[in-house]
Structure formats: structure tokens, C-alpha cells
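Below is one structure, written out as C-alpha cells; comments come after it.
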Amino acid sequence: MREIYNLGDLIDRDRDLDKLALIDLGGESGPREFSYRQLDDMANGVARALLARGLKRGERIAILSANRAEYLAAYYGAMRAGLVAVPVNHRFPPALIEFVMRDAGARVVFCDPERRNRSPADLPVVEFGTAGASGFDAFLDAGPFSAVVPGPDEAAMIPYTSGSTGRPKGVVLSHQSHIWVVKVRMAGQDLSRHRYLIAAPLCHMNALALSKLACAAHATIILLPQFTSGAYIEAIGRYRCTWLTAVPPMIAMMLREKALLARADFSSVEFLRMGSAPVSLSLLKAIADTMPHVVTSNAYGTTEGGPVVFGPHPDGIEQPGLSVGYPHPQVHLRLVDDADLDAEQGVLQLKCPAVMSGYHNCPDLKPPFTDDGFYITGDVFRRDRQGFHYFVGRVDDMFVCGGENIYPGEVEKLLETHADIMQACVVPVDDAIKWQKPVAFCVLRKGASLTEAQVKQYALTKVPAYQHPRFVWFVDGLPLSSTNKIDRKALIALAQSCIAAGEHPTT
């Protein structure tokens, strides 16, 4: 692999620049195709235009848009110019969008027409897909550009966390941190033949990291503006996608579309990589039943620590379905429980080149690092005898019921082993005696019928009594957050209000 210095400069110009880089299924018209030459020229045009406007090295550029080709061009172009890209979650409410842009100190906003009115009125806007002086095409300054060579640890991007425990925090990531990610993921393999389907939002690291990998590999991206089950299924067959990556709830939603699946063509798919949320055995079985030829992997990563943490076993031992893998040889990690730095179950701490530089504009927040330089993930894992690791739950998802710690993920996995339960989400509700107690939302398989009492009894035969859900509600689907993860905060609020009113929830 050639030497890369700037994270925005991933395209290899020694390869065929007329190769198809991207099929954009969003925007204002039908599918649009872009070659590597066109994508490269757009990114250069962005870099030249930003500097021509007088922007200085290190200043921040916000991107507020659904997925589209211009998003990646703006992202790469800003970094090529030595500026810092700030992908803003377009599903945030307006007040939170403004908070992120103000907190980042954004100087310019790239956006699509639908989000134009969500950008602060006093910030200059470059609008995708719009004619006129404020449009993206008019903004571009066509011509060659030599990407800035960043200094050590110089910031390339600041993605913001989803804010599930408060206001979002900007995660400062350097050029070299995610160049290392790209190099490690490409090592020893030619990925150029693949067609990667990306439907998760580009403001989320799941999609953004894969986009960079595909560009560096000189592969082809099939880019959906957003995830819907129908569009996802159709795109797989029509564009002969070979590699899928998704958050598990997206795949679970897709597998519920029985009529569409009956006529779907998944014959081109070779790999499915899931991450950013826990995977259940029932979901893995449903995937195997639908796509038995596909190699499915359960991955783990964080915005702060990067997507390279675990990998295959060095002895070639097959990875168990629920495991996220064996520690990657270029990552130092440990499980910490109280004072034990080598526990079999504990909070994951890791050290590698992908780890963030820190949080932006958070002088009063203690960085989550140990004195010896390990990033404290806040995720609890367990390790088996062969060295495979399993996600147990979040420290901040954990709750206490009558003095006992409950990790919702463990109870959810148990409920999903029931033949009639496709998905489950366990959340805490307040209790005057126990402090908090678990309740469950369940999505049943098509045609299945269960009662609340049956689910409770099933749980009581499998887990300690304090872990069984005190209330069980059956819903058609689980609500998703802006990053396509199950929205636990919404379910907690829904459960509390329904218990108070003696009503059954609807989602």
C-alpha cells in the first residue's frame, strides 16, 4: 500500500481513475455514478475553494446531510486542506444541531436542501444539489491540489457522540489515527473487487470508516441516502453488492420483510459485518437461514477507540457467533475489575494508534484514560478460555435491582433464545423497594403468540429471579436512535409512563 499522510487523500492516482467509485442512490435525481477521477476532482475543488475563502489550518467545517456523493467530497476536501471535518448527525433535533456546530466552532456548513433551515443563520452555507451562488457546484474551485501534510497528532475530524448520557461530545481524531485503521484493515488483501453497500449515516463511524476503507482499496461504494428495509434489499440484488456492513437492528428489520426476502437476490453477497450494537443468537440464526453462504462477523469498536480491536484467533480457531473475536495483535487491551488488571470479566481498556486525542472543548471533563495510557471504554466484556471476548453490557446501561447488578444485554440474549422471540430490549424502571427493576419489550416472530406470563416463566427458568422482567410488552418493532441503535432512553420513558397509566405501549 502506498504511503498516505493526509486522511482526505486516500485515492490512489496510480490506479485506474476511471473506475466506478460510487453509485449514489440519494440526491435529487435517480442513481448517479461517480468515477474515482470525479470524486478526486470534487475533493480537490472543495479544498481549493475553502482556502480561497480564507479559512485557516485547523478550523472546523461542518457537514449536515443525508448520505450522498458530495458528502464524501466535502469530507475529504476539508481534510486535504488542513481543515477539520465535523460530521453532524442530521437526525439530532435543531437545538442539538446548533449546539454541535457552536461547540465545534464551525466556520462553514455543507448541507443538503432538506437541512438548510437547520443550520445556524449566521454561518455560511454550501448547499448540495442546488443551483445558484450558494450551491455546491458553484462553490467548487476546479484544479489540482496537493494535500497538506499534517503534523503529528494533528486533528482530521471531530465526530460527535450521540449524547445518550448528556450533551454530545466532540471526539478529536488525528489523521494518523485513522490512516492506521485503513492500513491495518487492508493489510495483506486486495479488496478492490468488492462492492460495499453503505446505508448507515455517514455521520456515524460505522459508515464513515467503511467509506474510507473502500476508497483506499479502490473498491466501489453503493450509497443509500438512509436505511429502509426495502431499499436495502433491492440495492443488494440490483447492484450485486458483495460486502454488507450494518448495525444489527438494521439487519433485524430487513429480515422481517418476508415478502421482499422471498424474491430477493443475495447471491452476490460474501461478507456481512455487524457492529456498534450487540448481536443475538436469534439474529445470527435468521441471517444464516436467509443467507447461508455469507460469512458473518460480529465486530466491536468505538468512536473514541476505533474499529480495530478484535480479530481472528491466531491458531485459526473458529470464532463463536456471539464473540467479537480475539484481541488484535496490534492492539493492547485488558479487562479490569476493581483492582484486577487481568480479570476474566471487567471493563475493557485498550491502547492503539486509533485512540482519540481527547474530547473537544471539554476542559472540565476528565479524559477517560488511565495513567499508563489505556482508553477506558466503559464496556464490560468477558473472556473465555480460548481468549475470545464477549460483550456483556455498558457500565452505564447496568442498573441495580435489590443490590444486584443487571446488565440488560445478558437478559436480552436469554429472551432471544426463545423460539418465538425475534428481538428483545430490557430497560430499568424505578421501583420504591428495589430501586430499579427490569422490564422487557419483545418483537415476536411472524405468526407467533406469547403471553406476558409465558415470557416471565421462561426467563425464571433460565436466569436468577432478580433478572427476570417484571413487565413484558409485545411491540411490532423497537424504536431506533439517530445512529440506528435501539433507543433505550425512549423505551425507559415509554415504560414508566405506561406503568403509571396502566396502559400497554405502542411503538
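Numbers for residues simply follow the sequence, beginning at 1. The structure presented is a predicted model; accordingly, all values stated were derived computationally and were not measured.
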Fill in: Nearest-0.5 Å distance, OG1 of residue Thr377 to CG of residue Leu348
4.0 Å
Item to complete: For residues Lys212 and Tyr75, determine if any side-chain heavy atom of one lies less than 4.5 Å from a side-chain heavy atom of the other.
Response: yes
Worksheet item: Can a salt bridge be assigned to the pair Lys169 and Asp103 using a cut-off of 4.0 Å between side-chain N and carboxylate O?
Response: no
Item to complete: I would like to know whether Tyr407 and Lys413 meet side chain to side chain donor-acceptor pair (under 3.5 Å); could you show each step before the answer?
Response: CA-CA 11 Å; Tyr407 292 99; Lys413 290 174 188 174; over 6 Å; no
Discussion item. Using 0.5 Å steps for rounding, measure from the CZ atom of Arg195 to the CD1 atom of Ile221.
Written reply: 12.0 Å
Discussion item. Taking the cut-offs as 6.0 angstrom to the six-membered ring centre and 45 degrees off its axis, would you call Arg15 and Tyr36 a cation-pi pair?
Written reply: no
Worksheet entry | Check: Lys489 side chain, Ser481 main-chain N or O, donor-acceptor pair, under 3.5 Å | no
Worksheet item: Is the backbone of Ala200 close enough, under 3.5 Å, to the side chain of Asn67 for a donor and an acceptor to pair up by distance?
Response: yes
Discussion item. Ring centres under 6.0 Å, that's the criterion: do Phe388 and His313 meet it?
Written reply: yes
Discussion item. Do Arg240 and Ser267 have side chains that approach each other closer than 4.5 Å (heavy atoms only, starting at C-beta)?
Written reply: yes
Practice prompt. Verify the neighbour count for atom CD of Glu344: are there more than 12 heavy atoms of other residues, nucleotides or ligands below 6.0 Å?
Written response: no
Practice prompt. Using a strict cut-off of less than 4.0 Å between a Lys/Arg side-chain nitrogen and an Asp/Glu carboxylate oxygen, indicate whether Asp41 and Arg37 qualify as a salt bridge.
Written response: no
Discussion item. Is the shortest side-chain heavy-atom distance between Pro248 and Gln423 below 4.5 Å?
Written reply: no
Worksheet entry | Gln189, CD atom: more than 12 neighbouring heavy atoms under 6.0 Å | yes
Worksheet item: Hey, do the aromatic rings of Phe99 and Tyr160 have their centres closer than 6.0 Å?
Response: no
Fill in: Pro168 side chain near Asn89 side chain, heavy-atom distance below 4.5 Å
no
Practice prompt. Considering only NZ, NE, NH1 and NH2 on the basic side and carboxylate oxygens on the acidic side, decide whether Arg382 and Glu410 come within less than 4.0 Å.
Written response: no
Worksheet entry | Phe369 and Val355, any side-chain heavy atoms less than 4.5 Å apart | yes
Fill in: Under 3.5 Å donor-acceptor, Ser268 side chain and Thr242 backbone
no
Worksheet item: Are any of the side-chain heavy atoms of Pro312 and Tyr326 separated by less than 4.5 Å?
Response: no
Worksheet item: Do the non-hydrogen side-chain atoms of Leu191 and Trp243 ever get within less than 4.5 Å of each other?
Response: yes
Response to the item:
Rounded to the nearest 0.5 angstrom, the CG-CD1 distance for Asp9 and Ile179 is 8.5 Å
Worksheet entry | From CG (Leu335) to CG (Asp340), nearest 0.5 Å | 9.5 Å
Discussion item. For a quick test of reading the model, state the closest non-hydrogen atom pair linking Gly305 to Tyr375 and the distance between them.
Written reply: N-CE2, 4.1 Å
Worksheet item: Hey, are Glu416 and Lys285 close enough for a salt bridge, meaning a charged N less than 4.0 Å from a carboxylate O?
Response: no
Worksheet item: Side-chain contact, heavy-atom cut-off 4.5 Å: Met205 with Leu173?
Response: yes
Worksheet item: What distance separates Leu283 CG from Ile251 CD1, expressed to the nearest 0.5 Å?
Response: 7.5 Å
Practice prompt. Return the minimal non-hydrogen interatomic distance between Ser192 and Lys19, and the atom names on each side.
Written response: O-NZ, 2.6 Å
Item to complete: Answer yes or no: is there an ion pair linking Arg13 with Asp40, defined by an N-O contact shorter than 4.0 Å?
Response: yes
Worksheet item: Is the side chain of His332 donor-acceptor paired with the backbone N or O of Phe374 at a distance under 3.5 Å, no angle test?
Response: no
Practice prompt. Of all the heavy-atom pairs spanning Ala69 and Asp24, show the shortest one and how long it is.
Written response: N-OD2, 2.8 Å
Discussion item. Keeping Glu234 on the side-chain end and Ala231 on the backbone end, is there a donor-acceptor pair under 3.5 Å?
Written reply: no
Item to complete: For residues Ser65 and Tyr71, report the shortest heavy-atom separation together with the two atoms involved.
Response: O-CE1, 3.5 Å
Item to complete: Would you check if the side chain of Ser323 reaches a backbone N or O of Pro320 as a donor-acceptor pair within less than 3.5 Å?
Response: no
Practice prompt. Just say parallel, tilted or perpendicular for the rings of His389 and Phe310, cut-offs at 30° and 60°.
Written response: tilted
Discussion item. As an exercise, state the distance from CG of Leu480 to CE of Met253, rounded to the nearest 0.5 Å.
Written reply: 5.5 Å
Practice prompt. Could you tell me whether the side chain of Glu412 and the main chain of Val426 form a donor-acceptor pair under 3.5 Å?
Written response: yes
Worksheet item: Looking at Cys442 and Ile421, what are the two nearest heavy atoms and their distance?
Response: SG-CD1, 4.2 Å
Worksheet item: Do Phe271 and His194 make the cut of ring centroids closer than 6.0 angstrom?
Response: yes
Worksheet, complete the sentence: Note: Met250 and Ala199 closest approach over all heavy atoms is CE-CB, 4.1 Å
Worksheet item: How far apart are the C-alpha atoms of Asp342 and Arg383, what are their side-chain angles, what is the distance that settles it, and do they pass the salt bridge (charged side-chain N to carboxylate O under 4.0 Å, His left out) test?
Response: CA-CA 10 Å; Asp342 189 28; Arg383 181 178 61 235; 3.4 Å; yes
Worksheet item: For the side-chain contact (heavy atoms from CB on, under 4.5 Å) test, which of Val148, Leu51, Asn44 pairs with Arg80?
Response: Asn44
